[in-house]
Amino acid sequence: MVRTEQFIQKAKEEIKKAAGERKVVIALSGGVDSSVCAALAAEAIGDQLIPIYVDTGLMRKGETTRIREAFSHIGVIVVDAGDEFLEALSGESDPEKKRKIIGEKFIRIFEREATKSGATCLLQGTIYPDCIESDGGIKSHHNVGGMPPVTAFETVIEPLRDLYKDEVRQVAEALGLPAEIAHRMPFPGPGLSVRVIGEVSRESIAIVREANAIVEEVLVEKYRPWQCLAALVGRGTGVKGDNRLFGWIVSVRAVNSRDGMTADPIEIAYEDLSFIASRITAEIAEVSRVVYDVTPKPPATIEYE
Ligand code: XMP
């Protein structure tokens with residue numbers, strides 16, 4: 001705890017010193033990293049901080065509403081950019097190109113908003129494992145390697161760059177952030193797009209969003225996974241009512257991990273898996289089949305793209 005308190009003090013001083021009199025923007029994602037950064041900065045520099053939330057249309061169910069509610073007191077700006085992202089992704093099925101498209105679109109929209117606000121500093125919630133994975137070239141993570149040069153900003157401040165996720169959560173608790181945020185599962189920058197293999201559409205994103213919500217509802221409280229998710233991994237034949245359906249195959253994944261670099265699948269009770277399968281197939285008309293992924297990382301990554 002003493003270390004946490006010291007960290008908070010040091011991080012606030014760093015933000016204050018780096019910002020000076022300038023305005024600072026942060027992209028809020030609803031995840032614990034950017035939320036902690038915003039909370040630190042709000043304490044350090046007050047209304048010099050401009051939090052911006054870009055709704056990419058690729059967010060989890062209810063995320064935008066949650067963010068509006070959680071950050072309205074620090075004046076969060078919500079940008080509705082779902083159509084823009086879908087248009088940019090149209091026709092693209094290569095995983096890394098999808099990531100790059102999202103990363104570029106994101107930063108352009110963000111720069112546009114930042115320019116309007118007159119901010120010249122960027123505050124980012126990059127944590128230690130983000131840096132290692134990008135240097136290692138495993139996937140181009142959107143908040144570091146996959147992002148185009150941050151041309152519009154004079155200064156980039158990354159106060160969490162030496163922390164692991166569990167340390168960020170300790171800081172979140174010490175700052176008094178709600179448990180819903182402090183213990184929020186990690187969610188990738190490119191959002192639900194990495195949970196649909198191949199080309200995305202409004203329909204496939206809506207389906208995977210619903211499937212993710214069901215998986216979270218059934219598993220989070222009971223298993224406290226480091227991360228759990230659902231992905232659309234292909235199509236398979238099924239029968240629903242009197243009709244054959246060449247529907248979506250949903251793969252469910254639940255893992256424990258310290259930092260996302262390695263991960264172990266969780267042994268979910270069969271009755272819970274079965275309940276997830278029946279809910280998903282009953283509640284989502286387009287899904288014909290549900291499977292559970294038992295692969296550790298490595299060799300499989302946590303996300304599907
Ligand atoms: P993988 O799939 O590489 O994921 O095993 C490790 C952790 O990182 C998250 N992840 C991402 N986070 N941008 C992010 O900000 C990304 O492009 C990205 N891809 C994966 C993933 O959810 C897991 O927590």
Side-chain angles (χ1 to χ4, degrees), residues 26-37 53-54 56 58-60 63 85 88-89 92 94-107 110 122-148 150 156 158 160-161 163-169 183-197 200 208-209 211-212 215-216 219-220 224-233 251-266 293-305:
I26 181 164
L28 270 181
S29 68
V32 65
D33 305 343
S34 60
S35 298
V36 163
C37 270
Y53 167 74
V54 178
T56 60
L58 305 167
M59 311 304 284
R60 281 172 285 194
E63 192 82 341
F85 278 87
L89 285 166
E92 187 52 71
D94 178 81
E96 286 302 276
K97 287 194 186 139
K98 280 166 69 182
R99 265 201 169 68
K100 290 255 148 64
I101 289 170
I102 294 170
E104 262 167 55
K105 185 102 250 116
F106 187 89
I107 194 66
F110 187 65
L122 173 68
L123 180 64
Q124 271 195 309
T126 316
I127 64 170
Y128 186 59
D130 296 336
C131 303
I132 310 179
E133 288 221 338
S134 275
D135 288 350
I138 300 168
K139 286 178 189 176
S140 51
H141 277 203
H142 153 221
N143 53 350
V144 256
M147 196 149 119
V150 194
V156 178
E158 295 182 318
L160 311 182
R161 65 188 169 274
L163 301 192
Y164 280 99
K165 194 65 123 190
D166 51 352
E167 295 170 319
V168 180
R169 296 195 196 285
H183 295 285
R184 193 126 186 85
M185 287 191 297
F187 187 65
L192 296 171
S193 139
V194 298
R195 298 183 182 170
V196 176
I197 295 182
V200 301
V208 85
R209 177 180 291 123
N212 271 274
V215 168
E216 285 193 27
L219 297 183
V220 167
R224 305 253 163 229
W226 192 79
Q227 199 165 6
C228 65
L229 58 97
L232 303 189
V233 295
S251 180
V252 176
R253 191 146 170 72
V255 295
N256 277 328
S257 174
R258 177 173 189 220
D259 51 24
M261 313 257 296
T262 61
D264 295 308
I266 298 175
D293 185 341
V294 294
T295 329
K297 173 183 181 178
T301 52
I302 295 173
E303 302 290 346
Y304 279 77
E305 281 195 347

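All ligand and atom numbering here is 1-based and tracks the order in the structure. Both backbone and side-chain heavy atoms feed into the values below; hydrogens, waters and symmetry mates do not.
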Under 3.5 Å side-chain donor-acceptor pair for R60 and N212:
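No - no donor-acceptor pair under 3.5 Å links their side chains.
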
S29-Y53 side chain donor-acceptor pair, cut-off 3.5 Å:
no

Ligand 1 and [X], any nitrogen or oxygen pair closer than 3.5 angstrom?
X: F187; result: no
X: R99; result: yes
X: Q227; result: yes
X: E303; result: yes

Counting only heavy atoms closer than 4.0 Å, does ligand 1 sit against the backbone of P186, its side chain, both, or neither?
side chain

Counting only heavy atoms, which portion of Y304 has something under 4.0 Å from ligand 1: side chain, backbone, both, or neither?
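Neither part.
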
In terms of atom number and element, which parts of ligand 1 are under 4.0 angstrom from non-hydrogen atoms of [X]?
X: P190; answer: 13 (N), 16 (C), 17 (O)
X: W226; answer: 24 (O)
X: I302; answer: 1 (P), 2 (O), 5 (O)
X: K297; answer: 1 (P), 3 (O), 5 (O), 6 (C)

What's the separation between atom [atom1] in [X] and atom [atom2] in [Y], rounded to the nearest 0.5 Å?
X: W226; Y: N256; atom1: CH2; atom2: CG; value: 10.0 Å
X: I127; Y: E158; atom1: CD1; atom2: CD; value: 11.5 Å
X: L229; Y: Y304; atom1: CG; atom2: OH; value: 6.5 Å
X: M185; Y: K165; atom1: CE; atom2: NZ; value: 11.5 Å

Per atom 13 (N) of ligand 1, closest listed option by heavy atom (G260, P298, G189):
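The option holding the nearest heavy atom is G189.
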
Donor-acceptor under 3.5 Å (E92 side chain, D94 main chain):
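Side chain of E92 to backbone of D94: a pair is present.
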
Can the positive tip of R258 be found less than 6.0 Å from the middle of the six-membered ring of Y164, inside 45° of the ring normal?
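Because its charged atom sits under 6.0 Å from the ring centre and within 45° of the axis, R258 does stack over Y164.
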
